[in-house]
Amino acid sequence: MTFLALDVGNTRLKWAQYDAPVAGAKLLAQGAVFLENIDKLAENEWSTMPPPSRILGCVVASDAIKRRVAEQMDLWEVAPRWVVSSPQEAGLTNGYDHPARLGADRWVAMIGAYHRLLARGIHKPCVVVMVGTAVTVEAIDAAGKFLGGIILPGHGIMLRALESGTAGLHVPTGDVTDFPTNTSDALTSGGTFAIAGAVQRMVENLTRHCGQVPACIMTGGAGWKMAPSMSVEFELVDNLIFDGLLEIASRRFAS
């Protein structure tokens, strides 16, 4: 029974096929395409892939994108299931005011992070950071309750906002330096430090709330860019959302 996990973000669709819908399953194949190219998945990447028995995904893109993705899966005649944030799932409790309004990607990534720690016998608070088109920083206590999180623009959005609202800032991407002495470096460093500072603040908030320094797990397509500039200890994980989808699937699809 093969399992297909889907992560449909604001910029790209990422997919991974496993040999079973269970945590720790063997990865068989994976890939990623920009959203403008999803209409070619059935005739390209997915055309030679063994038909999955189960499909589970999370999507934050528009309903139109979601329909286009579903159309590509018609070749398998397997109905996909989509994660919607709930009050509780896979041992995690959702503390959002309106649980269903929490972004599915945030919820799934937190489930992946929580179980990643549990698998190593670690029972402590956790800060989960996703660095992509937008940046999210979530706080989970040691009992598995999501306490709340923040959202801020990713690097690209920050730069585009400054370019559109400020004259003379259309400059090449710069480097991250402690003391920028040109506009390119000033913009790149400013965005990087804003994200690193937000993570540090959440770590401090959670430490004060729980009385224990939390673990920090970072993921997302731009996570590697942030890694050298982080001011707190962290673990960089490539496919945290897929880890979360496997945890959810192991419960939803249990025979």
Side-chain angles (χ1 to χ4, degrees), residues 1-86 89-90 102-113 115-116 128 130-134 136 154 156 217-225 236-255:
M1 177 186 290
T2 60
F3 169 64
L4 180 65
L6 299 172
D7 172 17
V8 189
N10 293 299
T11 305
R12 295 189 302 165
L13 178 152
K14 291 179 283 186
W15 58 272
Q17 188 176 39
Y18 298 89
D19 65 350
V22 296
K26 179 182 177 181
L27 178 66
L28 303 176
Q30 64 180 330
V33 296
F34 287 104
L35 295 186
E36 56 263 34
N37 297 321
I38 57 177
D39 297 316
K40 299 178 181 178
L41 279 168
E43 62 185 74
N44 293 328
E45 287 95 331
W46 290 354
S47 62
T48 58
M49 192 167 69
S53 303
R54 305 283 191 179
I55 302 173
L56 182 66
C58 68
V59 56
V60 296
S62 67
D63 287 340
I65 294 293
K66 185 177 178 180
R67 286 193 296 270
R68 288 167 59 194
V69 174
E71 288 172 359
Q72 295 301 298
M73 292 183 278
D74 285 345
L75 79 162
W76 296 315
E77 298 181 354
V78 179
R81 295 177 64 176
W82 303 98
V83 174
V84 176
S85 301
S86 57
E89 184 149 20
L102 174 68
D105 59 336
R106 298 170 64 189
W107 183 234
V108 172
M110 283 188 277
I111 290 172
H115 284 278
R116 190 177 186 86
V128 182
M130 282 201 299
V131 188
T133 304
T136 58
I217 298 179
M218 183 165 65
T219 190
W224 64 274
K225 292 182 180 179
L236 185 61
V237 180
D238 282 338
N239 296 313
L240 195 58
I241 285 182
F242 290 155
D243 290 346
L245 288 171
L246 283 169
E247 290 290 346
I248 295 170
S250 67
R251 292 159 177 79
R252 294 192 181 186
F253 301 138
S255 55

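A search for salt bridge (Lys or Arg N to Asp or Glu O under 4.0 Å) contacts involving E45 returns nothing, not counting sequence neighbours. In terms of the side-chain hydrogen bond (donor to acceptor under 3.5 Å, both in side chains) criterion, D105 has no residue partners (sequence neighbours excluded). In terms of the side-chain hydrogen bond (donor to acceptor under 3.5 Å, both in side chains) criterion, residue partners of T11 (sequence neighbours excluded) are, by chain and number, T133. K14 pairs by the salt bridge (Lys or Arg N to Asp or Glu O under 4.0 Å) definition with D7, not counting sequence neighbours. Remark: R251 pairs with E247 by the salt bridge (Lys or Arg N to Asp or Glu O under 4.0 Å) rule, at least two apart or across chains.
Interatomic distance, D19 CG to T2 OG1, rounded to the nearest 0.5 Å: 9.0 Å. For the atom pair CZ (R252) and CZ (R81), the distance works out to 5.5 Å, reported to the nearest 0.5 Å. Put simply, CZ on F3 and CD1 on I55 are 9.0 Å apart, with the number rounded to the nearest 0.5 Å. Taking CH2 of W107 as the reference point, atom SG of C58 lies at 13.0 Å (rounded to 0.5 Å). Atom CG of N239 and atom CD of Q30 lie 5.5 Å apart (nearest 0.5 Å). Atoms CD1 and CE, from I217 and M110 in turn, are 12.5 Å apart once rounded to the nearest 0.5 Å.
Here the shortest heavy-atom pairing between G103 and S85 reads O-OG, 3.6 Å. Heavy-atom minimum distance, A32 versus R12: CB-NH1, 3.9 Å. When every heavy atom of M218 is checked against every heavy atom of G223, the shortest pair comes out as CE-O, 3.5 Å. Nearest approach of A25 to Y18, heavy atoms of both residues: O-CD2, 3.7 Å.
Tested against V83, the residues I111, L56, V59, L6 include a single side-chain contact (heavy atoms from CB on, under 4.5 Å) partner, L56.
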Exercise. Report the C-alpha distance between V33 and K40 in whole Å, list the side-chain angles of each, state the deciding distance to 0.1 Å, and finish with yes or no for side chain to side chain contact (heavy atoms under 4.5 Å, CB included).
Key: CA-CA 9 Å; V33 296; K40 299 178 181 178; over 6 Å; no

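For the pair N44 and N37, the minimum side-chain heavy-atom distance is 4.5 Å or more. Looking at heavy atoms from C-beta onward, I248 lies in side-chain contact with E89 at the 4.5 angstrom threshold.
Put simply, the side chain of H115 never gets that close to the backbone of A23: no donor and acceptor are under 3.5 Å apart. Remark: the backbone N or O of E43 is not paired with any side-chain donor or acceptor of W46 at under 3.5 angstrom.
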Listed pairs under 3.5 Å, donor-acceptor, residues 63-78 side chains, sequence neighbours left out:
unit_1 : atom_1 : unit_2 : atom_2 : d
R68    : NE     : D39    : OD1    : 3.2
R68    : NE     : D39    : OD2    : 3.3
R68    : NH2    : L35    : O      : 3.4
R68    : NH2    : D39    : OD2    : 2.9
Q72    : OE1    : L41    : N      : 3.3
Q72    : OE1    : A42    : N      : 2.8
Q72    : NE2    : D39    : O      : 3.3

